[in-house]
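Notes follow once the structure below has been shown.
Keep in mind that the numbers below use all heavy atoms, side chains included, and drop hydrogens, waters and symmetry copies. The structure displayed is predicted, hence computed values, not measured ones.
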Amino acid sequence: MTKGGRSFDVVVVGAGAAGIGFGATLRHLDIENFAILDRAGVGASFLRWPRQMRFITPSFNTTQFGMLDLNAVCLQTSPAFSLGVEHPTGEEYARYLEGVAEYFELPIATGVDVLSVARGAGRRRFRIETSRGEIRARFVVWAGGEMQYPRTRGFDGAELCLHNSQVTSWDEINGGERFIIGGAESGVDAAVGLAAAGRRAVVFDREEPWSQTGSDPSELLSPFTAARLHSAVDSGRVTLRGGCTVIGVRRNGNGFQLALENGDVVDCAEKPILASGFVGSASLVRPLFDWRDEAFPLLTENDESTLTKGLFLIGPQVRQDKIIFCFIYKFRQRFAVVANQIARRLRVSTEPLEWYRRYGMYLDDLSCCGDACAC
């Protein structure tokens, strides 16, 4: 990017799993005039994971059998092959993404903070203000990560808690028993990490995710997490308190108190851990989207903003009706849907996307996504 700015056909904001995977898709379409921007570096969100955190989806090198590794972001690659592990750490997965970026020679600019995105005067191009000056683009694909944008509100005193995304290693959490607010994947992962470090943890959650069953792994604990939780509970170091809604946290001398919806008050000596999820990076360009609720933008059937033509969303914040695309193996299936729209408007051949369809990476018919498992 020069001082006077540059113009691109496509600007992708974010160099994580979504941004790198989509960049590879653009390469397959022979779209050359694009840029991927990231304020930190490739895979920055994964590098923020606690050291003990692992992928809950397993990696297997099954490409030669016509099936992609669940954690692959593009065709012809496999984290299992390149990393040699089944459940990668965040640091390991960032190395995989760097390898993909190098192989496809993706045009990535790091250390670039996107300050604002707006339609130009003629409304044919976007003006993107960055920390390195203004650039312009016909299309913007928002692919920002989540780990940098934790949900730290929701009840009085939430700011007194330690969000799980702020933890570098569970081995470094000192003190006694910890109370964890939230019993979904991140909350249980925190409890398991604390138990492995020899600490005790109590998990509070109204919905009791650990006891739910269903066909969609996005709505319940993964088998990998559930198995680790059972071991931690059996060790006596993790206690589960279901049916408990925390409505407030306050200081109590040198400790803290949790106020529950049923009127109970629970004393805890150590700072509570908040496992409340993330608001997502699309909140940085909130005015450019209509919103279906606080966390998820309203999108067309092609994952385009219903408010701003030419602005697309990819990654874990994508929702279509009741369908959740929060896992990599889910949201990568929408790359080709977005790429198809961009290619057609640029009058570029979409024939390479049929290759994506053969490998289950072109999910444009969502009618089958509600099917439940028979057993």
Side-chain angles (χ1 to χ4, degrees), residues 10-23 25 36-40 43-46 48-49 55-57 71 73 90 93 97 113-114 116-117 126 128 139-154 163-165 182 184-186 216-219 222 275-339 341-342 361 363-364 366 369:
V10 185
V11 164
V12 181
V13 181
I20 297 299
F22 190 76
T25 307
I36 301 174
L37 312 180
D38 199 286
R39 64 163 55 140
S45 287
F46 297 100
R48 296 173 66 97
W49 282 15
F55 265 70
I56 58 178
T57 43
N71 297 317
V73 295
Y93 196 74
L97 293 178
D113 197 358
V114 174
S116 67
V117 178
F126 289 94
I128 305 164
F139 302 100
V140 172
V141 179
W142 196 268
E146 292 192 311
M147 203 72 173
Q148 303 96 319
Y149 310 97
R151 181 178 286 110
T152 54
R153 294 188 240 178
H163 196 276
N164 69 288
S165 65
E185 285 288 346
S186 57
D216 187 351
S218 300
E219 298 180 323
S222 68
S276 52
F278 306 89
V279 296
S281 67
S283 59
L284 299 179
V285 286
R286 180 171 288 274
L288 300 181
F289 290 100
D290 282 324
W291 291 77
R292 51 188 291 168
D293 55 35
E294 177 189 359
F296 303 107
L298 190 63
L299 304 171
T300 70
E301 62 181 6
N302 298 309
D303 297 344
E304 187 172 13
S305 168
T306 57
L307 192 62
T308 308
K309 189 174 180 61
L311 173 63
F312 295 87
L313 180 69
I314 57 176
Q317 277 190 278
V318 172
R319 297 288 188 275
Q320 286 288 346
D321 194 20
K322 296 181 180 180
I323 302 172
I324 301 171
F325 290 94
C326 63
F327 286 129
I328 287 171
Y329 76 86
K330 288 184 171 186
F331 67 67
R332 72 185 183 193
Q333 296 180 95
R334 302 292 290 177
F335 294 164
V337 174
V338 173
Q341 289 297 306
I342 292 175
M361 279 191 65
L363 184 61
D364 55 352
L366 301 179
C369 292

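- Residues passing the salt bridge (charged side-chain N to carboxylate O under 4.0 Å, His left out) test with Glu185, sequence neighbours excluded: none.
- Between the CD1 atom of Ile328 and the CG atom of Asn71 there is a distance of 5.5 Å, given to the nearest 0.5 Å.
- Going from atom CD1 of Ile20 over to atom CD1 of Ile36 covers 5.0 Å, rounded to the nearest 0.5 Å.
- For the side-chain contact (heavy atoms from CB on, under 4.5 Å) test, residues two or more places apart in sequence or in another chain that qualify with Val279 are Tyr149, Arg151, Ser283.
- Using a 4.5 Å heavy-atom cutoff, the side chains of Val140 and Thr308 are not in contact.
- Taking CG of Asp293 as the start and CG of Leu298 as the end, the distance is 10.0 Å to the nearest 0.5 Å.
- Side chains of Phe126 and Val11 form no contact here, defined as non-hydrogen atoms less than 4.5 Å apart.
- Using a 4.5 Å heavy-atom cutoff, the side chains of Gln317 and Leu299 are not in contact.
- Counting heavy atoms from C-beta on, the side chains of Phe325 and Asp303 never come closer than 4.5 Å.
- Under the 3.5 Å distance criterion, the side-chain polar atoms of Gln333 are matched with a main-chain donor or acceptor of Tyr329.
- For Arg319, there are no salt bridge (charged side-chain N to carboxylate O under 4.0 Å, His left out) partners at least two apart in sequence or on another chain.
- Exactly one of Arg334, Glu301, Lys322 qualifies for a side-chain contact (heavy atoms from CB on, under 4.5 Å) with Leu366. That residue is Arg334.
- Side chain of Asn302 to main chain of Glu304: no donor-acceptor pair is present (N/O by atom type, distance under 3.5 Å, no hydrogens or angles).
- In this structure, Ile314 and Phe331 have side chains that are not in contact, with every pair of non-hydrogen atoms separated by 4.5 Å or more.
- Taking CG of Leu288 as the start and NZ of Lys309 as the end, the distance is 15.0 Å to the nearest 0.5 Å.
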Phe139/Val338 under side-chain contact (heavy atoms from CB on, under 4.5 Å): CA gap, chis, key distance, verdict: CA-CA 11 Å; Phe139 302 100; Val338 173; over 6 Å; no
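- Contacts classified as ring pair (Phe, Tyr, Trp, His ring centres under 6.0 Å) and involving residues 278-319 (residues at least two apart or in different chains) are given here: His163-Phe278.
- The number of heavy atoms from other shown groups lying within 6.0 Å of CZ (Arg292) is above 12.
- Partners of Asp364 by salt bridge (charged side-chain N to carboxylate O under 4.0 Å, His left out), not counting sequence neighbours, listed by chain and number: Arg357.
- Under the 30°/60° scheme for interplanar angles, the aromatic rings of Phe46 and Phe55 are found to lie parallel.
- Listed by chain and residue number, nothing satisfies the salt bridge (charged side-chain N to carboxylate O under 4.0 Å, His left out) test with Asp38 (two or more places apart in sequence, or in another chain).
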